[in-house]
Every structure is written in structure tokens, then in C-alpha cells.
Amino acid sequence: MNSAKFRNWVKKEILSSGPISLSNAMRAALTHKDFGYYHSKKIIGSNGDFITGPEISQIYGELIGAFLGYIWEHSGKPSNSLLCEFGPGLGTLSADINRALSQIYPNFSCSPLHLIETSKSFRKIQKTKLKKQSVYWHEDFKKIPKNPVFAVANEFFDALGVDQAFFDGINWRQRLLNFSTKFEYVAGPILNETQIKLFDANHIKNPDKGTIIEYSPKTDQIITEVALHIKQFGGILLIIDYGKTNQIGDTIQAVLNHKPAEPWSSAGDADISHWVDFKSIERTAEKVGARFIGPVSQSHFLTQIGIKQRAQNLSQIDNPRHNRAIFAAVDRLISPAHMGNLFQVGLITPTGKGFPPGFEV
Ligand code: SAH
């Protein structure tokens with residue numbers, strides 16, 4: 001069991017330096033080489049712990065491909081462009097993007113594909129799935145060439161971990177993870193000025209005692225790098241994730257076999273994630289001089305870029321079973337009862353005006 005190894009790791013960390021930050025604990029639970037969840041087998045898909053947009057229907061990736069192509073065309077078709085995906089999982093999204101692009105923008109579809117992926121087992125799966133393309137893997141974004149980049153991140157930022165702080169009635173304090181006889185949260189030091197800024201805590205008017213707020217240091221770091229790159233060299237980053245537009249509330253959650261689980265006691269064996277704070281992403285992107293558009297709901301985005309028309313085109317006369325499956329998948333992606341409203345879509349671009357398809361209101 002990975003969860004026992006995670007528990008031992010936490011205990012050791014606490015012995016040497018005291019209770020640990022939640023983002024460090026989340027990152028270890030997902031990526032540690034001895035017990036990290038992402039090194040285990042079969043986690044995404046209908047037999048795994050969770051299913052994602054690209055795994056629900058090929059239409060998802062095809063529409064995103066058409067979207068990237070449209071933006072590429074309207075940026076003057078730069079011939080040195082790169083495609084990029086953050087956390088590609090099974091590689092399905094990049095494969096579907098490529099299939100759509102090769103039909104509508106064949107030149108663009110031949111662009112080198114740069115994948116940001118830390119997990120060796122996922123890299124292996126991606127290598128097989130994407131063998132027709134020229135693919136480069138990186139541990140982080142800093143290594144990618146200084147060219148216009150057309151990047152997507154689907155359910156990536158929710159895996160980067162968050163820190164939490166809480167209001168004790170007078171001050172904001174860090175919320176840390178401890179283990180005595182079981183996992184428990186304990187109060188850490190009072191937030192310093194820098195941390196107050198990062199959590200954007202001063203903008204919360206009259207917080208109730210016990211209010212919890214979140215901040216993801218790793219998200220901030222990656223968005224800073226990507227937004228700077230986009231500002232300097234052009235391109236976009238399309239972000240799709242379980243999202244919110246403020247920092248308030250405890251959103252750390254775990255899923256095991258499609259069911260909610262207690263995060264820390266199942267860590268290593270369960271997927272652990274948090275809701276992405278799109279306002280914080282917007283602040284970070286704008287701080288370095290890039291533009292942030294959105295977020296809009298996944299339902300709004302996919303409907304506006306033509307999910308219903310595409311489903312109609314794929315349906316076949318005389319094949320009601322096939323058609324039912326297509327429309328059930330579309331429903332899962334856009335209906336508010338499923339992913340439609342929980343998932344949010346945001347876009348980082350260089351400075352500019354106007355709204356691309358998907359983001360018009
Ligand atoms: N985008 C895919 C997979 C989502 S799972 C889909 O929607 O189906 C998250 C992915 O991000 C996995 O591929 C995981 O290995 C990768 N990942 C998680 N943390 C990462 C990190 N810090 N750096 C790079 N990749 C990471």
C-alpha cells in the first residue's frame with residue numbers, strides 16, 4: 001500500500017522539521033518516486049480512479065485542436081510554432097488535437113510537440129500513443145525553445161498542490177499537516193507580509209473566524225514562466241480545470257475508484273487534487289504583462305466552438321447505438337449536472353483586445 005509509505009514519509013518529515021505544508025504533502029502523495037500516485041498503474045479512464053474530458057469523447061480534443069488552429073491562423077501562422085501539453089496523461093488529448101489539425105491546418109499539425117510530464121509511466125504510454133509526431137519531453141516548461149507556443153493544460157493545475165491558511169479571529173495563520181495517532185491539521189505561524197500578498201488575504205472583507213484560504217505556489221511559478229514566454233515569443237495557454245474564482249474554502253479532495261476518499265489516509269493510493277483558482281492565475285499572468293481571458297464554463301466554451309454540430313456530423317443514419325453514445329458523451333461534457341459548470345476554461349495570450357470563439361459572452 002502506498003498510503004502506509006506516505007504515512008511513514010510524513011512522520012519522518014515531521015520528526016526532522018515539524019508539521020508540513022499541504023502543498024508539499026500533496027506533491028509527495030502524487031509524485032514521490034517510492035509511493036507517488038502517478039507512478040501507479042491505470043489511474044485514468046473508465047477502469048481507473050477518474051475519467052477526464054479527452055477520455056470521454058474524441059470530440060473534446062478535436063474541438064480544442066480546431067481552436068488552437070484558429071488562434072494560430074489569426075496570429076499570422078508563425079512557421080516556427082510549437083505545440084505543447086502540460087500533464088498529458090494517456091496522450092489522448094494531444095493525439096486528437098493532431099488528428100483534427102492535420103485535416104484543417106496540415107503545416108501547423110507538423111509542429112514539434114513538447115510535453116511537460118514528470119511521470120515515467122505516463123511518458124511510456126504517451127510515447128506509444130503519439131509515435132507519429134516529433135515529441136520532446138520535459139520536466140518543466142523552462143526548457144522549451146523560445147518560439148511561439150500553442151499550449152493546453154487539461155486537469156493539470158489541479159494536481160500541483162495548494163497551501164492553506166485560516167483566520168484565527170485576529171491573524172491569518174498557515175494550516176499545516178501533522179500526524180500524532182492520526183492525520184490532523186495544526187496551526188502554523190502567522191502569515192508574513194509576503195505570504196499575505198500571495199494568498200491575497202487583505203482583499204477578504206471581515207472574514208469569519210475559521211475561514212480557510214488557498215494558494216498554489218507551483219501554479220504561480222509555472223504561470224509566471226508561461227505568461228512571460230507568451231508575452232515575449234507569442235502563442236497561448238488554454239487551461240481547463242475544476243475551478244473557482246476566489247481563494248476561499250478548503251477544496252482539497254481525493255478520489256479512489258470513482259468515489260470520494262479522505263485525502264491523507266488514502267494518499268498515494270487515491271488521486272488528490274484541489275480546485276484551481278482562476279483569479280489567482282489571472283493576477284499572476286497580468287503581473288508579467290500577459291493577458292488573461294475568462295474563465296468561462298466548459299459548457300459555454302465547448303458549445304460556442306461547436307460541440308453540438310460536431311456530434312451531429314459524427315452521428316450516422318441507421319446506427320442509433322453509436323449516436324446515443326455520442327450524445328451521452330456530449331451531455332457528460334456540457335450538462336451542468338456533470339462537467340459543464342464545474343469545469344472552467346481560461347486563456348493566457350499576449351496583450352490584445354477582442355475575444356476568440358469560446359470566450360465571447
Ligand atoms: N491531462 C490528462 C491527465 C491529467 S492527470 C487528462 O486530462 O486526461 C495529471 C497529469 O499531470 C499526469 O500526466 C501527471 O503525471 C502530470 N503531472 C502531475 N504533476 C506534474 C508536475 N509537477 N509536472 C509535470 N507533470 C505533472
Side-chain angles (χ1 to χ4, degrees), residues 2 23-33 35-65 83-98 113-130 135-144 151-162 216-226 237-243 253-255 258 267-268 270-276 298 302 329 332-333 339 342-345:
N2 285 337
S23 64
N24 283 344
M26 289 173 85
R27 191 142 67 242
L30 291 173
T31 63
H32 194 284
K33 64 178 179 6
F35 53 78
Y37 173 73
Y38 283 130
H39 303 296
S40 54
K41 295 265 168 310
K42 197 73 195 115
I43 58 183
I44 306 173
S46 44
N47 301 323
D49 291 329
F50 62 95
I51 184 152
T52 58
E55 305 301 327
I56 289 176
S57 167
Q58 65 178 80
I59 299 179
Y60 190 81
E62 291 169 351
L63 288 175
I64 290 174
L83 287 160
C84 173
E85 186 180 354
F86 287 84
L90 304 179
T92 312
L93 178 56
S94 274
D96 292 343
I97 287 174
N98 188 258
L113 171 62
H114 290 263
L115 301 179
I116 316 299
E117 177 59 81
T118 39
S119 150
K120 287 213 174 68
S121 37
F122 273 133
R123 283 188 184 199
K124 231 193 248 160
I125 299 172
Q126 293 153 14
K127 197 167 178 178
T128 314
K129 183 74 129 287
L130 301 167
V135 183
Y136 303 85
W137 280 269
H138 308 277
E139 290 274 319
D140 61 67
F141 184 79
K142 277 197 289 276
K143 309 272 163 54
I144 93 157
V152 290
N154 192 75
E155 291 207 44
F156 170 76
F157 288 102
D158 67 351
L160 298 185
V162 274
S216 171
K218 190 80 189 165
T219 300
D220 214 7
Q221 180 208 323
I222 294 178
I223 294 292
T224 302
E225 289 165 10
V226 181
L237 170 62
L238 182 72
I239 304 164
I240 308 168
D241 231 308
Y242 230 79
Q253 57 190 17
V255 176
H258 298 273
D271 179 44
I272 178 166
S273 63
H274 65 87
W275 289 27
V276 171
Q298 174 167 302
L302 292 176
R332 245 177 122 174
L333 290 169
M339 296 172 82
L342 291 174
F343 280 75
Q344 303 281 314
V345 188

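Counting convention: from 1, in listed order, for ligands and their atoms alike. Side chains included, hydrogens not; waters and symmetry mates left out as well; all remaining heavy atoms used.
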**OP:** Take the angle between the ring planes of Y242 and W275 and call it parallel below 30°, perpendicular above 60°, tilted in between.
**Re:**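 If you compare the ring of Y242 with that of W275, the planes turn out perpendicular.
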Original post:
What's the verdict on side chain to side chain donor-acceptor pair (under 3.5 Å) for E155 and T52, showing C-alpha distance, side-chain angles and the deciding distance?
Top reply: CA-CA 8 Å; E155 291 207 44; T52 58; 5.1 Å; no
Subject >> Under 4.0 Å from ligand 1 - residues by heavy atom, chain and number >> reply: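 Near ligand 1, by chain and number: Y38, I44, T52, P54, E85, G87, P88, G89, I116, E117, T118, S119, F122, N154, E155, F156, L160.
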Subject >> Pairwise distance CD(Q126) to CG(L93) - rounded to 0.5 angstrom >> reply: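 Here the interatomic distance stands at 11.0 Å.
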Does [X] have any salt bridge (charged side-chain N to carboxylate O under 4.0 Å, His left out) partners at least two apart in sequence or in another chain, and if so, which?
X	value
K142	E225
E55	none
R332	none

